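In this text, all values refer to a predicted model and were calculated from it rather than measured experimentally. Labels below follow one simple rule: chain letters A, B, ... track the order of the sequence lines, proteins then strands, and each chain is numbered from 1.
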Amino acid sequence: MNTDDLQLKRATSSALLSLLNLTALPVIGFIGLLYVYSKTKPNTIDRYYAVVGIKTSLLAGIALLLVTLLVILLGGFESPLTWVYVTSYFVIVHASFILFATWTLTRSWTGEKLKRQILSK
Amino acid sequence: MRETFTKGMARNIYYGGGIFFLLVLIGLSVDTVRSLPKTDNSQNLTETVAAGKRVWEVNNCIGCHSLLGEGAYFAPELGNVYTRFGESTENIKAFIKYRPVDGIPGRRSMPQFNLTEEELEAIAQFLKYTDGIKTARNWPPNIQG
Amino acid sequence: MKYESQGIAKMYFIAAIALFVGQILFGVTMGLQYVMGDFLFPEIPFNAARMVHTNLLIVWLLFGFMGSAYFLVPEEAERELYAPWLAKLMFWIFLVAGGLTILGYLLVPYARLAELTMNDLLPTMGREFLEQPTITKIGIVIVALAFVFNIGMTVLTGRKTVINLVLLTGLVGLAVFFLFSFYNPDNLVLDKYFWWFVVHLWVEGVWELIMASLLAYVLIKVTGVDREVIEKWLYIIIAMALISGLVGMGHHFFWIGAPAYWQWLGSVFSALEPIPFFMMTLFAFSVVNKRRRDHPNKAAVLWALGTAVMAFLGAGVWGFLHTLAPINYYTHGTQITAAHGHMAFYGAYVMVVLTMISYSMPLMRGKKAANVTAQKLEIRSFWMMTLSMVAITLLLTAAGTMQVYLQRYSAEPLPFMIVQDKLAIFYWLREVAGLIFLSGLFLYIYSFFAKGKEVEFIAEQAE
Ligand code: HEM
Ligand code: HEM
Ligand SMILES: [Fe+2]
């Protein structure tokens with residue numbers, strides 16, 4: 001496998017791992033991402049996707065776990081409104097992250113960055 | 001979707017998987033139908049109960065209520081109404097019988113169905129029979145349904 | 001449009017949209033009855049409005065599927081429709097039968113309708129979604145058979161493509177599983193068990209085949225991506241749909257008196273059901289990313305992407321939310337169910353039909369795509385309807401959570417009606433969102449009549 005193929009493969013792995021981190025394999029996916037990151041060099045497409053994945057995971061961690069935990073702590077375990085808020089918030093934000101990661105994955109398959117280069121295509 | 005995974009393989013998974021799980025479903029359904037008598041309260045399924053089910057259907061009660069959690073969510077669950085009404089078919093009959101024709105101003109109201117005594121008895125017996133169905137973990141979670 | 005008989009789709013689509021309006025009008029009526037209980041009582045009681053709402057939904061989606069098939073199949077099969085006259089005849093039969101049934105719901109008490117249609121001979125009425133008089137059900141079967149015959153003959157005597165065959169399989173399945181609606185045993189548990197063979201095996205089985213093939217067709221057309229690639233996706237999506245969805249039906253057998261093993265089987269297999277919907281999103285995103293051309297019909301591309309995303313949200317995410325037995329124990333038959341039902345039906349089936357309409361209507365009207373203004377309005381109506389459906393779903397989810405907590409979870413559970421009063425604020429907001437949805441729908445219809453600069457012209461200029 002030449003470097004180009006390897007890079008593309010790593011880019012796809014990163015995108016997939018960040019998706020898995022959000023769904024079936026939380027934490028494990030993240031560890032995988034750090035591992036892929038350690039293999040990449042600056043200014044390459046695989047580094048780019050590893051960073052996107054890590055950023056997504058960290059952001060999702062804060063938005064989903066930290067915020068939810070805070071709301072439960074502040075709102076109280078026994079209050080129905082806490083649960084009303086937590087369910088609606090968690091489902092919609094979680095789903096949004098998954099959709100974003102899905103988009104990332106399909107972009108990584110094209111070997112380009114996230115934003116479509118309108119002129120070059 | 002790498003090239004090693006061909007369209008032919010995808011098609012085989014579709015046919016193979018689809019047919020296999022259809023057969024599994026049929027097998028499970030046969031087993032379910034066989035073992036239903038243990039839970040379905042069919043020993044109490046009398047002629048009156050069957051007639052009551054018809055009354056339930058032709059008045060479209062399911063259009064407002066849920067029964068064992070299925071139906072509409074506008075009015076209370078009725079799978080356990082017999083218990084909720086103090087295990088009395090008379091209470092159920094009285095409730096249905098005395099619904100005001102024009103409803104209760106400003107509130108959700110149940111229509112007056114003008115049921116005959118016979119129909120009232122049948123529907124009440126049907127609800128009693130339904131309450132006797134052994135649902136897993138005794139669903140609904142509590143008496144409020 | 002390559003074949004003249006494809007044009008038959010147009011009348012089907014017009015009828016579909018008209019009935020869609022009726023559906024939503026009754027939706028907002030019910031939404032109001034939720035908070036103003038005496039609204040239209042006793043003239044149109046809630047249960048009558050609900051039947052009209054849900055049955056119109058099913059009927060117009062069927063019109064939409066049929067129209068889509070009449071448009072798609074001749075082109076894929078590379079021949080005219082087998083019997084165009086039959087398609088036209090069935091259109092009128094279905095429309096009249098459907099119209100009379102809805103009028104029946106509204107004009108006479110349901111028990112009287114049952115009597116008039118001699119329900120006693122073969123009692124099938126009075127079960128959710130299957131409220132139609134037996135005679136209407138027989139009519140539906142006849143229409144479905146004639147339709148499947150017509151489409152089937154076209155496919156079998158023409159070019160057979162994967163899209164054609166998958167669509168045909170889905171349509172045959174639709175007709176076959178509907179036959180379970182004639183089985184109505186006195187034993188309630190048995191009745192409930194086989195009732196799901198219509199409802200679940202439709203929306204989480206054969207309809208997914210229909211949806212996936214329609215989506216694949218439109219995506220081939222608007223992106224120009226290689227058919228081989230798209231067909232592979234199509235197979236693997238529907239494979240996952242059947243592998244997860246058939247036994248996944250167990251998620252409806254938790255609390256109706258069925259054997260305990262369904263708790264496990266239903267939970268595990270239905271937890272896999274989001275996969276095909278997720279793959280549709282992946283599929284749509286990836287082919288749009290790899291598109292070979294920019295199709296002038298931007299609205300159709302948006303609808304196609306929107307379908308994939310919203311179906312994943314409504315069916316996949318909101319389905320998963322309450323599909324595991326320990327959770328469903330609390331949420332079964334609450335507003336959570338209603339939240340999921342709305343977004344899933346809208347995201348998957350409403351949107352896929354609107355995608356087909358968006359793609360095919362301009363072609364049937366003799367252009368590549370609607371004019372610039374019309375597309376702009378259509379896209380705006382897309383966002384109005386879609387976002388208000390998201391709002392409706394979130395509000396019902398909030399209401400449902402509160403309901404579960406107060407009525408089922410808390411140490412001192414409150415009676416149903418007391419809890420409903422406490423949810424009024426959510427229901428009012430849902431009604432507002434419903435009215436925005438309705439306005440979006442009107443805008444959508446208006447977009448068909450809007451005049452503006454033609455896109456072909458612009459496309460040519462750009463070349
Ligand atoms: C936009 C305004 C709408 C409003 C205000 C509305 C309102 C309602 C209400 C109040 C119910 C009855 C809930 C109950 O049983 O208590 C209902 C049921 C239903 N509606 Fe709608 N609806 C709307 C739009 C739609 C749309 C666009 C769809 C389809 C895509 C739809 C599909 C359904 C279905 C499938 C049910 C049965 C739900 C179930 O059994 O869980 N509705 N709707
Ligand atoms: C497009 C596909 C789907 C549609 C149109 C749809 C629609 C519906 C509707 C209308 C109901 C209410 C039925 C009733 O009135 O009792 C329902 C119930 C349910 N659906 Fe779906 N659904 C879809 C996919 C899914 C998926 C993929 C899952 C699981 C991951 C799921 C899980 C459930 C569950 C667990 C219930 C029972 C809710 C209860 O216990 O009350 N659905 N669905
Ligand atoms: Fe289901």
Side-chain angles (χ1 to χ4, degrees), chain B residues 1 5 7 10-11 13-14 17-18 21-22 24-25 28 31-33 35-36 39-40 42 45 49-50 53-54 56-60 62-64 66 68-77 101-109 111 113 130 133-137 139-145, chain C residues 33-34 36-38 41-42 45-48 50-51 110-111 114 119 123 125-128 131 186-190 192-193 228-229 231-233 235-236 238-239 242-243 246-247 249 253-260 263 265 329-330 332-335 337-338 407-408 413-417 420:
Chain B
M1 291 278 174
F5 185 73
K7 192 172 95 182
R11 185 183 53 219
I13 299 179
Y14 164 59
F21 281 102
L22 188 63
V24 171
L25 177 63
L28 288 167
D31 184 74
T32 297
V33 171
S35 41
L36 275 194
T39 49
D40 66 6
S42 45
L45 211 175
V49 169
K53 183 163 184 279
R54 209 81 333 122
W56 169 266
E57 285 164 3
V58 300
N59 289 288
N60 190 32
I62 202 84
C64 290
S66 57
L68 300 185
E70 295 168 3
Y73 323 114
F74 186 72
E77 162 68 29
V101 177
D102 288 321
I104 307 158
R107 302 198 49 83
R108 298 185 195 173
S109 332
F113 290 106
T130 305
I133 292 170
K134 284 203 191 64
T135 55
R137 293 180 65 193
W139 197 93
N142 63 60
I143 198 164
Q144 303 300 352
Chain C
Q33 288 178 329
Y34 246 79
M36 293 172 47
D38 56 357
F41 190 89
F46 181 86
N47 62 337
R50 193 181 198 275
M51 277 190 286
Y110 191 68
N119 186 53
M125 292 172 74
R127 294 168 305 149
E128 193 191 4
E131 294 93 346
D186 291 337
N187 183 330
L188 184 67
V189 181
L190 211 53
K192 282 177 173 293
Y193 187 84
E228 276 296 300
V229 176
E231 289 175 345
K232 206 196 302 181
W233 274 106
Y235 269 132
I236 200 75
I238 58 176
L242 294 186
I243 290 170
L246 288 166
V247 179
M249 183 157 54
F253 303 152
F254 296 155
W255 324 114
I256 60 168
Q263 308 262 331
L265 286 174
Y329 177 72
Y330 291 107
H332 182 46
T334 62
Q335 297 297 324
T337 310
Q407 185 188 317
R408 297 230 170 118
L414 299 175
F416 179 92
M417 292 307 288
Q420 290 300 307

Side chain, backbone, both or neither: which part of [X] has a non-hydrogen atom closer than 4.5 Å to chain B?
X        : value
C:Leu265 : side chain
C:Arg127 : both
C:Phe254 : backbone
C:Pro42  : side chain
C:Phe253 : neither

Quick one, B:Asn60 with C:Glu131, criterion side-chain contact (heavy atoms from CB on, under 4.5 Å). Give me CA distance, side-chain angles, the key distance, then yes/no. CA-CA 8 Å; B:Asn60 190 32; C:Glu131 294 93 346; 4.0 Å; yes
Which answer fits [X], side chain, backbone, both or neither, if we ask what part of it has an atom under 4.5 Å from a heavy atom of chain C?
X        : answer
B:Ser42  : side chain
B:Ile143 : neither
B:Val101 : backbone
B:Ser35  : side chain
B:Ile133 : side chain
B:Ile13  : both
B:Leu22  : both

Are B:Lys134 and B:Asp40 close enough for a salt bridge, meaning some N to O gap below 4.0 Å?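 B:Asp40 and B:Lys134: not salt-bridged.
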In plain terms, say whether C:Lys232 and C:Glu228 are close enough for a salt bridge, that is, a side-chain N and a carboxylate O under 4.0 Å apart.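 Looking at C:Lys232 and C:Glu228, the cut-off is not met.
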We want to know whether B:Arg137 and C:Gln263 form a side-chain donor-acceptor pair, criterion being a heavy-atom distance below 3.5 angstrom.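 Absent: no donor and acceptor within the cut-off.
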Max heavy-atom pair count under 4.5 Å with chain C, selected residue of [options]:
options                              : value
B:Val49, B:Leu28, B:Val24            : B:Leu28
B:Pro140, B:Cys64, B:Gly17, B:Pro105 : B:Cys64
B:Pro141, B:Ser109, B:Ala10          : B:Pro141
B:Leu45, B:Ile62, B:Asn59, B:Thr32   : B:Thr32

Can you tell me which of C:Pro123, C:Pro45, C:Ala258, C:Ala338 forms the most heavy-atom pairs within a distance under 4.5 Å of chain B?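 Highest number of pairs under 4.5 Å: C:Pro123.
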If you tally heavy-atom pairs under 4.5 Å against chain B, which of C:Met51, C:Met36, C:Gln407 wins?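 Ranked by heavy-atom pairs under 4.5 Å with chain B, first place is C:Gln407.
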Residues forming a ring-ring contact (aromatic ring centres under 6.0 Å, His included) with B:Phe74, sequence neighbours excluded: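 Checked B:Phe74 against ring-ring contact (aromatic ring centres under 6.0 Å, His included); matches are C:Tyr34, C:Phe46.
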Which pair of heavy atoms, one from C:Ile243 and one from B:Phe21, lies closest together, and at what distance?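 Looking at all heavy atoms of both residues, the shortest contact is CG2-CE1, 3.5 Å.
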Give the C-alpha distance, both sets of side-chain angles, the deciding distance and a yes or no for side-chain contact (heavy atoms from CB on, under 4.5 Å) between B:Arg11 and C:Glu231. CA-CA 9 Å; B:Arg11 185 183 53 219; C:Glu231 289 175 345; over 6 Å; no
